[in-house]
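In what follows, a single structure is set out as structure tokens and then discussed.
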Amino acid sequence: MNVTKRHTLRITAIGAVSAACVALAGTAAMAATPAAHTAHTTHAVQKAAATKATITAKPSVTAISAWKKFYVNGKTTGLKPGSKVTLQQKQHGKWVTLPASAPIERNHTYSLWVKLGLKGKNDLRMVNGKTASPVFHVTVR
């Protein structure tokens with residue numbers, strides 16, 4: 001077969017058009033993939049926002065003598081098992097973190113024991129980051 005200049009140009013042109021088509025098809029496929037992923041990610045973020053983190057807390061007593069042990073039990077939603085919940089006490093109008101914390105179990109519950117010495121009605125809550133339980137009260141005699 002005798003290859004002419006015209007035949008060479010024709011093969012080169014077809015090769016260039018084919019390469020362009022393959023490149024455009026790849027670009028279109030790549031462009032479609034992130035859009036689908038973004039839609040999925042947006043849905044996950046909306047679902048996470050709908051599942052707001054919460055903490056419940058229930059003391060084992062409502063009144064107790066100073067420095068006697070009592071328990072605080074509760075459940076969490078939207079918090080990672082293994083992370084900690086910490087006890088806070090309201091002192092002079094400010095929340096003070098006490099050295100009492102407990103890990104969140106795999107079933108999203110926690111339990112910790114506490115001893116308080118500040119006599120009177122104590123306002124307490126459990127916290128994890130910016131998530132806090134409703135305030136509960138224990139009176140120390």
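We use all heavy atoms of the structure for the numbers below, so side chains are in, but hydrogens, waters and symmetry mates are not. Keep in mind it's a predicted model, so treat the numbers as computed, not measured.
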Run the side-chain donor-acceptor check on residues 110-120: report pairs under 3.5 Å with partners two or more places apart or on a different chain.
from : atom 1 : to  : atom 2 : distance (Å)
Y110 : OH     : T56 : O      : 2.6
S111 : OG     : N73 : OD1    : 2.5

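Both V140 and F70 sit in one connected hydrophobic cluster of ILVMFWY residues. Membership requires side-chain heavy atoms under 4.5 Å apart, directly or through other members.
Interatomic distance, Q91 CD to L98 CG, rounded to the nearest 0.5 Å: 6.5 Å. A distance of 11.0 Å separates CZ in R141 from NZ in K68, rounded to the nearest 0.5 Å. The structure places CG of L79 at 4.5 Å from CD1 of I104, a figure rounded to the nearest 0.5 Å. Rounding to the nearest 0.5 angstrom, the gap separating the CZ atom in F136 from the CZ atom in R125 is 11.0 Å. Distance check, rounded to the nearest 0.5 Å: CG of N128 to OG of S133 gives 11.0 Å.
Alongside V127, the hydrophobic cluster contains no other residue (criterion: ILVMFWY side chains under 4.5 Å).
At a threshold of 4.5 Å between non-hydrogen side-chain atoms, the residues T62 and T139 do not count as touching.
In the model, H137 has no side-chain atom that pairs as donor or acceptor with a side-chain atom of N122 under 3.5 Å.
Applying the side chain to side chain donor-acceptor pair (under 3.5 Å) test to pairs two or more places apart or on separate chains, those with a residue in residues 99-109 are N107-T109.
Looking at every heavy atom in both residues, V135 comes nearest to D123 through CG1-CB, 3.9 Å. Taking each heavy atom of V138 and P59 in turn, the nearest pair found is CG2-CB, 3.9 Å. Nearest approach of M126 to V85, heavy atoms of both residues: CE-CG2, 3.8 Å.
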* Test side-chain contact (heavy atoms from CB on, under 4.5 Å) applied to Y71 and V61, step by step -> CA-CA 8 Å; Y71 290 89; V61 297; over 6 Å; no
